[in-house]
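Below is one structure, written out as structure tokens, with a few remarks after it.
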Amino acid sequence: MRILIADDHDLLRDALVAFMQNEDGLETHTAADLEGACKLIDGDYTYDLVLLDYNMPGMNGLEGLKKVLAMNGVHRVALISGEADRSVAEAAMEQGAMGFIPKTLPAKSLVNAIKFMAMGEKYAPLDFMTAAPEENDNALLKKLTERETQVLRGLTEGKSNKEIARDLDLSEPTVKLHVKTLYKKLNVANRTQAALVARDAGAF
């Protein structure tokens with residue numbers, strides 16, 4: 001069984017390889033970004049599972065997943081992330097990912113999850129996928145839907161509509177609609193004002 005682990009965090013990548021080496025019949029290859037992963041996939045090896053870090057260079061959100069899923073000979077691809085939320089995990093699996101692994105998963109569970117997916121089983125931690133959204137006591141955020149909150153966070157981070165759309169796996173026109181709604185709810189005229197209101201309210 002051959003696994004490709006693509007992650008830009010050297011420590012995590014090395015730790016995963018070390019865990020895998022203790023398992024019989026597992027061969028592990030690594031890459032530090034999407035470009036490196038694609039070169040290996042196009043090379044001399046075939047992989048039972050390609051594990052992609054959601055936030056590594058070249059991924060552009062779920063675009064990287066789509067790219068790898070479309071490559072010749074690649075049938076099993078999964079995401080690993082320390083930051084992505086349940087909505088990203090669900091979207092990834094809808095697009096054809098074998099599963100989603102949070103980096104908070106214990107080592108033994110992580111290795112088992114990778115083995116399951118390499119054998120063709122879908123995997124996502126039940127507690128992660130069924131966890132209720134965290135309650136937010138912020139008065140401003142209580143006025144907003146979950147999606148509006150995500151878009152507002154993007155605005156406070158100085159992201160363009162295109163970048164927010166990519167991060168949330170939405171179309172740009174949908175993000176524009178959310179931004180317009182936010183302007184009305186926050187009683188502001190532009191992105192800068194929206195970001196300032198959010199910061200002043202301690203929203204993020």
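Each residue takes its place number in the sequence, starting with 1.
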Side-chain heavy atoms of L110 within contact of F19, under 4.5 Å
no

Please report the interatomic distance CZ(R166) to OG(S160), rounded to the nearest 0.5 Å.
7.5 Å

Show your reasoning for whether side chain to side chain contact (heavy atoms under 4.5 Å, CB included) applies to D169 and Q95.
CA-CA 11 Å; D169 200 34; Q95 287 179 21; 2.9 Å; yes

Any donor-acceptor N/O pair, R2 side chain to T46 backbone, under 3.5 Å
yes

Exceeds 12 heavy-atom contacts within 6.0 angstrom, atom NZ of K67
no

Under a 4.5 Å cut-off applied to non-hydrogen side-chain atoms, are M98 and E121 in contact?
no

Hydrogens and angles aside, do Q193 and N187 bring a side-chain donor and acceptor to less than 3.5 Å of each other?
no

Closest non-hydrogen atoms of A92 and L79, given as atom of the first, atom of the second and distance, are CB-CD1, 3.6 Å

Are L40 and M71 in one and the same hydrophobic cluster, where Ile, Leu, Val, Met, Phe, Trp and Tyr link if side-chain heavy atoms are under 4.5 Å apart?
yes

Euclidean distance, M59 CE relative to D33 CG, rounded to 0.5 Å:
11.0 Å

Side-chain donor-acceptor pair present, R191, N161, cut-off under 3.5 Å
yes

A6 versus A37, closest heavy-atom pair with distance:
CB-CB, 3.9 Å

Find the distance between CD (E148) and OG1 (T145) and round it off to the nearest 0.5 Å.
3.5 Å

Hey, is the main chain of S87 close enough, under 3.5 Å, to the side chain of E90 for a donor-acceptor pair?
no

Looking at every heavy atom in both P57 and A32, which two are closest together, and how far apart are they?
CD-O, 4.1 Å

Would D53 and K103 count as a salt bridge (Lys or Arg N to Asp or Glu O under 4.0 Å) if you check the C-alpha gap in whole Å, the side-chain angles of each, and the deciding distance to 0.1 Å?
CA-CA 10 Å; D53 175 30; K103 289 184 179 178; 3.4 Å; yes

Smallest separation among heavy atoms of R13 and D7, with atom names
NH1-O, 2.6 Å

Set of residues satisfying side-chain contact (heavy atoms from CB on, under 4.5 Å) with respect to D167, sequence neighbours excluded
K159

Does L69 form a side chain to side chain contact (heavy atoms under 4.5 Å, CB included) with K66? I'd like the steps, not just the answer.
CA-CA 5 Å; L69 282 168; K66 289 178 189 172; 5.8 Å; no

More than 12 heavy atoms from other groups under 6.0 Å of OH on Y183:
yes

For a quick test of reading the model, state the closest non-hydrogen atom pair linking A124 to M93 and the distance between them.
CB-SD, 3.9 Å

Kindly work out whether a path of hydrophobic side-chain contacts (I/L/V/M/F/W/Y, heavy atoms less than 4.5 Å apart) joins V68 to I114.
no

If Ile, Leu, Val, Met, Phe, Trp and Tyr residues are connected whenever their side-chain heavy atoms lie under 4.5 Å apart, and connections chain through other members, are I5 and L65 in the same group?
no

Do E27 and I3 come close enough that some side-chain heavy atom pair is under 4.5 Å?
no

Is a donor from one side chain sitting under 3.5 angstrom from an acceptor on the other, for R153 and Q150?
no

From OG1 (T28) to CG (L49), nearest 0.5 Å:
10.5 Å

For K143, I'd like to know if atom NZ has over 12 heavy atoms of other residues, nucleotides or ligands within 6.0 Å.
no

Membership question, hydrophobic clusters at under 4.5 Å side-chain separation (ILVMFWY): are L62 and L51 in the same one?
no

State, yes or no, whether a side-chain contact exists between P102 and P125 at a heavy-atom distance under 4.5 Å.
yes

Shortest non-hydrogen separation from I101 to A113 and the atoms involved
CD1-CB, 4.0 Å

Can a donor-acceptor pair be found, under 3.5 Å and without considering hydrogens, that links the side chain of T181 to the backbone of L177?
yes

Can you list every ring-ring contact (aromatic ring centres under 6.0 Å, His included) pair that touches residues 56-81, not counting sequence neighbours?
none

With side chain to side chain contact (heavy atoms under 4.5 Å, CB included) as the test, would you mind laying out the steps for L16 and T30 before giving the verdict?
CA-CA 10 Å; L16 273 176; T30 62; over 6 Å; no

Are L140 and L155 connected in the hydrophobic side-chain network, where two residues link if heavy atoms are under 4.5 Å apart?
yes

Value rounded to 0.5 Å, distance of CZ in R76 from NZ in K122
11.5 Å

Does D48 form a side chain to side chain contact (heavy atoms under 4.5 Å, CB included) with M117? I'd like the steps, not just the answer.
CA-CA 8 Å; D48 294 288; M117 291 186 292; over 6 Å; no

Quick check for you: to the nearest 0.5 Å, what is the distance between I80 atom CD1 and N55 atom CG?
11.5 Å

Do any pairs count as a ring-ring contact (aromatic ring centres under 6.0 Å, His included) and have a residue in residues 22-46, sequence neighbours left out, and if so which ones?
H29-Y45, H29-Y47

